Amino acid sequence: MKRSSTGGVVRATCFLSGRVQGVGMRYAIRQVAQDFPVTGTVENLDDGRVKMVVEGLPSDIAALEARVRVVAPGRIDRWERYDCEASHEFVNFSIHR
């Protein structure tokens with residue numbers, strides 16, 4: 001993944017709450033992620049939330065999030081996001097679990 005002079009690759013961990021499991025949310029997120037130069041994972045959590053970990057340029061992550069909010073099946077009532085330094089551990093964007 002390329003770094004730019006205006007900002008490097010970051011990691012965003014997002015927790016989505018609402019009607020987000022059993023509606024194809026993980027598959028929709030993976031499909032959207034394929035349109036952006038990002039890597040990461042998406043998975044269902046035992047507490048009913050969906051967790052998305054995505055690494056990329058901040059502008060690409062923001063664009064991915066915006067598109068997910070528009071095309072996501074189900075209903076996202078809450079979107080929590082936590083940013084940190086990228087680990088570069090991912091080679092693509094995949095569904096976990």
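It should be emphasised that the depicted structure is a prediction, and the values quoted were computed from it without experimental measurement. In what follows, every heavy atom counts, from backbone to side chain, and hydrogens, waters and symmetry copies are set aside.
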Value for CE (M52) from CZ (F15), rounded to nearest 0.5 Å, stands at 11.0 Å
A side-chain contact here means heavy atoms from C-beta on lying under 4.5 Å apart; do V53 and H96 qualify? no
Rounded to the nearest 0.5 Å, the CD atom of E55 sits from the CZ atom of F93 at a distance of 11.0 Å
- Task: Treating Ile, Leu, Val, Met, Phe, Trp and Tyr as nodes and any side-chain heavy-atom pair under 4.5 angstrom as an edge, say whether V10 and I29 lie in one connected cluster.
- Result: yes
In this structure, CD of E85 is separated from NE2 of H88 (nearest 0.5 Å) by 7.0 Å
Taken to the nearest 0.5 Å, the spacing of D83 CG from R81 CZ works out to 4.0 Å
d(E89 CD, T39 OG1) to nearest 0.5 Å is 8.5 Å
Practice task
Find out whether V54 and F36 are in side-chain contact, i.e. whether some heavy atom of one side chain is under 4.5 Å from a heavy atom of the other.
Solution key: no
Applying a strict under-4.5 Å side-chain criterion to I, L, V, M, F, W and Y, I'd like to know whether L45 and W79 cluster together. no
Taken in chain and number order and not counting sequence neighbours, the residues that satisfy salt bridge (charged side-chain N to carboxylate O under 4.0 Å, His left out) with R69 are none
In short, side chain to side chain donor-acceptor pair (under 3.5 Å) pairs touching residues 13-37 with sequence neighbours left out are D35-R67
Note to self: I want to check something: taking the side chain as every heavy atom from C-beta on, are R75 and V23 in contact at a cut-off of under 4.5 Å?
What the structure shows: no
Sorted by chain and number, sequence neighbours left out, side-chain hydrogen bond (donor to acceptor under 3.5 Å, both in side chains) with S94 holds for none
Separation between CG (L16) and CZ (R49), nearest 0.5 Å, reads 9.5 Å
